[in-house]
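To start, the structure under review is shown below, and the notes come after it.
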Amino acid sequence: MKTTLLSIFFCFSYFFIRGQETQVLYFDRNDRQVNGVHDAFIIREIKKTGAEIFSFSDFYTSNKKLKLTGSGYFFNNRIIYHGDFKVYNENSVKVQEFSFEYGKSKGLITEYFNNGILFRKSEKISVGEGYDFDRAGGDVNELPNFGHDLFKLNYLADSTGKTLIENGKGYLIERLNYLGEYYTEEGNYVDGFKDGVWKGKNSSGTKLYLEHYKKGILKRGELMTAGKKISYSKLFTAPNYKYTNNHIADLYLMDTQFYKKYVPTIKKYDFGDSRILVHLTINENGNVASVVFDYAFTNQQVKSDLTEALMNMPKWKPATLRGQNVKAKYSCTLPFFKTME
């Protein structure tokens, strides 16, 4: 299963203009404020509701319909989510409800199909370790997030309304996408968690596996493929370099003095005038196979220089899926300076 809970948020900096209780702002895909709707990815209306708490509503730029409602407050120039949230599709159908308390997910997460039928009720019990999955899982790679964060599944139904899991119990057969390849797996849910032996296979039948779970935690697994048996204790590990930080490409460029040609006085942990998002594809051998920026460069030479520098990174430790090296994406933000425009 996959949840899109975190993918809808944009961390943004914001200050209320003195005496102005409601403001409408426009942001691009890189969370930078732009001047108008034509350059915007999201329209955000912010209302001050108290001394510190404010509410906000996001709207689709395509049809101006409501996308998200929520609330929060600012701490160190960053938004901290606090309160109840609702998400709507472009046809104004509610697709998610959830709550935050002081920046942390709390309570039940309720999800609906696009036709409005109840899909799933779940509760986040614990958060997976480290930054690497956040930078290489979820919407970055096609991976079921429920293999990382631990969720308690209370209810699950199909798009017709047929109940599959109720009160955390049931036998489930599901089709999941792992890194672009579909698998069918089945097993029991007990008290809201995967439990006991689960079995699965890919769509071509060339990969078969058995996995042992206890209260939702993978204890051990065995993959049978090409006449070999591979044992593993982690479903997925993200591609990684020598840094134990989520800003791998950022730190690498700093270490190699890349930015010196643009900012001679730069210091190692300079965050730049803004940040741009980059997606790296790391192949099975640990080499950078592609570099894609979520940013429209005006200076193509800068784009070319950045691409070349990242493509020439030394070998990474490749991602693994069920004990096998696999090609996977890794995303992070990079400093961007006005002198690079």
Side-chain angles (χ1 to χ4, degrees), residues 1-8 84-99 105-128 133 137-139 141-205 207-223 232 234-236 321-322:
M1 281 178 282
K2 182 176 181 178
T3 180
T4 58
L5 173 63
L6 297 181
S7 66
I8 61 171
D84 298 327
F85 290 74
K86 295 180 181 180
V87 184
Y88 301 85
N89 65 17
E90 291 188 86
N91 295 318
S92 301
V93 177
K94 183 172 60 181
V95 292
Q96 279 189 327
E97 294 178 290
F98 48 88
S99 299
S105 176
K106 182 182 180 181
L108 204 62
I109 301 166
T110 304
E111 300 170 81
Y112 304 85
F113 288 101
N114 282 324
N115 58 12
I117 291 177
L118 178 61
F119 167 39
R120 177 167 59 202
K121 292 183 178 181
S122 60
E123 184 177 357
K124 183 181 287 189
I125 303 301
S126 64
V127 179
F133 192 93
D139 291 340
N141 287 300
E142 294 177 283
L143 288 165
N145 273 6
F146 277 41
H148 176 60
D149 296 334
L150 183 59
F151 283 81
K152 182 177 181 180
L153 179 63
N154 298 317
Y155 176 87
L156 185 71
D158 64 18
S159 58
T160 68
K162 179 182 177 181
T163 301
L164 304 174
I165 299 292
E166 191 165 20
N167 297 322
K169 298 179 181 179
Y171 189 88
L172 185 63
I173 302 174
E174 56 184 349
R175 188 168 182 256
L176 299 173
N177 188 339
Y178 291 93
L179 300 172
E181 185 175 17
Y182 281 95
Y183 292 76
T184 300
E185 57 187 48
E186 57 187 283
N188 281 301
Y189 268 86
V190 178
D191 296 328
F193 300 106
K194 280 185 173 183
D195 206 80
V197 178
W198 278 62
K199 61 181 180 180
K201 62 180 180 179
N202 64 350
S203 56
S204 63
K207 298 177 183 179
L208 308 174
Y209 56 89
L210 291 175
E211 294 175 343
H212 298 258
Y213 288 87
K214 186 174 182 179
K215 294 184 178 180
I217 304 296
L218 175 64
K219 295 299 182 178
R220 65 184 187 277
E222 289 184 343
L223 172 69
Y232 54 93
K234 287 190 176 183
L235 182 63
F236 173 79
L321 177 66
R322 294 192 166 93

* Working for side-chain hydrogen bond (donor to acceptor under 3.5 Å, both in side chains), residues Glu211 and Tyr209 -> CA-CA 7 Å; Glu211 294 175 343; Tyr209 56 89; 5.5 Å; no

* Structure fact -> Residues pairing under salt bridge (Lys or Arg N to Asp or Glu O under 4.0 Å) where one sits in residues 195-205, two or more places apart or in two chains, turn out to be none

* Roughly how far apart are Ile173 CD1 and Trp198 CH2, rounded to 0.5 Å? -> 9.5 Å

* To do: Find out whether Leu156 and Phe119 are in side-chain contact, i.e. whether some heavy atom of one side chain is under 4.5 Å from a heavy atom of the other.
  => yes

* Asked: How many angstroms lie between atom CZ of Phe236 and atom CG of Leu218, to the nearest 0.5 angstrom?
  -> 14.5 Å

* Salt-bridge contact Glu181-Arg322 (side-chain N to carboxylate O under 4.0 Å) -> no

* To do: Determine whether Leu172 and Ile165 make a side-chain contact, defined as any pair of heavy atoms from C-beta on separated by less than 4.5 Å.
  => yes

* Structure fact -> Rounding to 0.5 Å, atoms NZ (Lys86) and CD (Glu97) come to a distance of 5.5 Å

* So do Thr110 and Gln96 actually touch side chain to side chain, heavy atoms under 4.5 Å? -> no

* Structure fact -> Test side-chain contact (heavy atoms from CB on, under 4.5 Å), reference Tyr112, set Asn89, Val87, Leu118, output is Leu118

* Is the shortest heavy-atom distance from the side chain of Ile117 to the side chain of Thr160 under 4.5 Å? -> no

* To do: State plainly whether the residues Glu123 and Lys152 are in salt-bridge range, i.e. N to O under 4.0 Å.
  => no

* Quick one: CZ on Phe113 to CG on Asp158, what's the gap to the nearest 0.5 Å? -> 6.5 Å

* Separation of Asn114 CG from Tyr88 OH (nearest 0.5 Å) -> 14.0 Å

